[in-house]
Amino acid sequence: MKLTMASSPHNHSTKSLSRLMITVIAACIPGLIAQVYFFGTAVLIQLVLALLTVSVCEAAVLLLRKRKVWPTLSDGSAWLTAVLLALSIPPLAPWWIIVIGCLFAIVIVKQLYGGLGFNLFNPAMAAYVLLLVSFPVQMTSWLPVNDLLANPISFTQQLSVIFNGFTSAGFSVDQLRVAIDGTTMATPLDTVKTDVAHHLTVSESMSKPLFNDWFGLGWGWVNFGFLLGGLYLLKAKIINWHIPVGFLASLILCSGIGYIAAPGTEPGVVFHLFSGATMLGAFFIATDPVSASTTNKGRLIYGALIGLLIYLIRTFGGYPDAVAFSVLLLNMAVPLIDYYTQPRTYGHGVKK
């Protein structure tokens with residue numbers, strides 16, 4: 001199966017679909033390494049579970065549809081969905097979380113609509129939102145980075161937590177979330193949002209010792225890893241620049257205006273860019289060629305609106321991060337965006 005990518009009618013570069021998917025997965029490696037370094041090898045456990053689940057689900061549905069399994073499975077699209085979803089959930093989430101998410105992504109969001117190329121929504125993000133809405137406790141139980149754990153856990157203990165709910169010493173995920181100073185930890189986005197709601201300023205929130213001791217920095221390095229991978233995808237012309245530029249420019253503009261207007265309650269541009277799933281969303285999620293806009297002007301609008309929604313939901317909504325919600329909302333708007341941004345046919349509208 002071949003996929004043709006072209007920036008104009010006279011400039012074609014033909015690559016196999018499987019090669020493109022594998023390249024995108026490979027570009028996730030810097031961010032994956034950072035995530036494993038700061039949050040533990042449980043990230044890899046979730047990744048293996050995800051890859052196994054999507055493979056089984058894809059094969060089962062293809063057999064039911066009386067289609068050949070390997071040609072479709074080997075295109076790599078299901079594996080990319082698995083990677084993106086595994087990177088998006090807390091590393092110590094119960095095993096059934098990733099299984100349910102992958103099953104929903106492949107069977108409902110992808111195959112029920114006809115398979116790759118026919119799905120209206122990004123499968124990984126649709127699954128993420130399903131999990132977040134259905135299991136909010138498990139989906140928001142992020143641990144502090146390894147250096148801040150009050151009770152460091154080994155690989156076997158992480159396995160035990162994922163499959164049994166407790167370590168061999170009897171610690172639950174909630175107990176493991178307690179940092180070295182006795183504080184129950186959340187992500188930087190959630191911490192700042194909660195502190196501001198409790199009438200602390202952003203500077204007071206971020207002046208906590210934990211913030212300056214790998215807490216915020218860990219998430220910064222994870223985002224930097226995905227930024228490196230995204231820049232490689234741009235250089236290799238695997239993705240177009242329009243969506244990431246529109247996405248990040250909009251987020252920079254909105255967060256900059258917000259910081260100028262209310263510096264005490266707004267964390268600023270750098271914090272928004274290097275917290276949560278910003279870089280993963282900008283380069284690996286929003287750029288999904290099936291569910292994103294297909295015109296260059298439309299891609300800029302699509303990316304810019306995602307960035308705007310992320311800022312609005314992070315600032316005024318009930319969720320600290322908003323990449324998944326923003327992407328899905330704009331997936332629904334893609335037909336309208338494409339309709340109004342289609343380039344004119346040569347000679348169209350010329351009076352005779």
Side-chain angles (χ1 to χ4, degrees), residues 3 17 20-21 24-25 28 50 53-55 57-58 60-62 65 72-73 75-89 97-136 139 239-240 242-244 246-247 250 276-278 280-295 298-310 312-313 317 319 321-341:
L3 178 68
L17 178 59
L20 288 173
M21 293 296 175
V24 176
I25 292 172
C28 290
T53 304
V54 297
S55 298
C57 291
E58 185 105 312
V61 174
L62 289 170
R65 296 178 63 194
T72 299
L73 187 59
D75 68 21
S77 60
W79 298 333
L80 178 58
T81 296
V83 170
L84 294 177
L85 187 57
L87 291 171
S88 301
I89 70 169
I97 287 284
I98 193 68
V99 170
I100 291 173
C102 289
L103 190 151
F104 181 78
I106 298 302
V107 176
I108 305 299
V109 185
K110 181 183 177 185
Q111 291 294 341
L112 192 63
Y113 282 91
L116 181 65
F118 297 96
N119 49 287
L120 301 178
F121 302 100
N122 183 295
M125 291 302 95
Y128 178 87
V129 167
L130 170 79
L131 294 173
L132 183 60
V133 171
S134 303
F135 312 105
M139 287 295 290
I239 61 175
N240 293 289
H242 304 79
I243 292 175
F247 181 121
S250 176
T278 300
L280 181 66
F283 293 99
F284 295 91
I285 294 172
T287 54
D288 173 28
V290 177
S291 56
S293 181
T294 58
T295 68
R299 290 179 182 124
L300 282 169
I301 296 171
Y302 174 82
L305 289 175
I306 290 175
L308 172 63
L309 283 177
I310 288 173
L312 292 176
I313 296 173
Y319 293 94
D321 203 0
V323 171
F325 289 104
S326 302
V327 169
L328 291 183
L329 287 170
L330 264 297
N331 285 165
M332 291 188 284
V334 161
L336 185 66
I337 293 172
D338 282 353
Y339 178 81
Y340 285 105
T341 59

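What you see is a predicted model; the values in this text were computed from it and never measured. Any value given below was found using the heavy atoms of this structure, including those in side chains, with hydrogens, waters and symmetry copies removed.
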Can you tell if the side chain of [X] reaches within under 4.5 Å of the side chain of [Y], non-hydrogen atoms only?
| X | Y | answer |
| --- | --- | --- |
| Lys110 | Ser77 | yes |
| Leu309 | Phe325 | no |
| Leu330 | Ile337 | yes |
| Ile306 | Tyr302 | yes |
| Ile285 | Leu280 | yes |
| Thr278 | Val323 | no |
| Ile301 | Ser293 | no |
| Thr287 | Arg299 | no |

Compare every heavy atom of [Y] with every heavy atom of [X], then report the nearest pair and how far apart it is.
| X | Y | value |
| --- | --- | --- |
| Cys102 | Leu85 | N-CD2, 3.7 Å |
| Pro123 | Asp288 | CD-OD2, 4.5 Å |
| Ile98 | Ala50 | CG1-CB, 3.7 Å |
| Val290 | Phe118 | CG1-N, 4.2 Å |
| Trp79 | Ser55 | NE1-OG, 3.1 Å |
| Ala127 | Gly101 | CB-O, 3.2 Å |

Task: Derivation of the side-chain contact (heavy atoms from CB on, under 4.5 Å) call for Phe284 and Val83 - done: CA-CA 10 Å; Phe284 295 91; Val83 170; over 6 Å; no

Would you compute the distance between atom [atom1] of [X] and atom [atom2] of [Y] and round it to the nearest 0.5 angstrom?
| X | Y | atom1 | atom2 | result |
| --- | --- | --- | --- | --- |
| Ser326 | Phe247 | OG | CZ | 7.5 Å |
| Asp321 | Ile313 | CG | CD1 | 9.5 Å |
| Met21 | Thr81 | CE | OG1 | 8.0 Å |
| Asn119 | Tyr113 | CG | OH | 9.5 Å |
| Tyr128 | Ile97 | OH | CD1 | 11.0 Å |
| Met139 | Leu131 | CE | CG | 5.0 Å |

Task: Over 12 foreign heavy atoms within 6.0 Å of CZ, Phe135 - done: yes

Open item on the list: Would the distance check show the side chain of Ser250 and the main-chain N or O of Leu308 forming a donor-acceptor pair, the cut-off being under 3.5 Å?
Closed with: yes

Open item on the list: Quick check against the 3.5 Å criterion: does Asn331 have a side-chain atom that pairs as donor or acceptor with the backbone of Ser291?
Closed with: yes

TODO: List the steps and the verdict of side-chain contact (heavy atoms from CB on, under 4.5 Å) for Met125 and Ser88.
DONE: CA-CA 9 Å; Met125 291 302 95; Ser88 301; 3.9 Å; yes

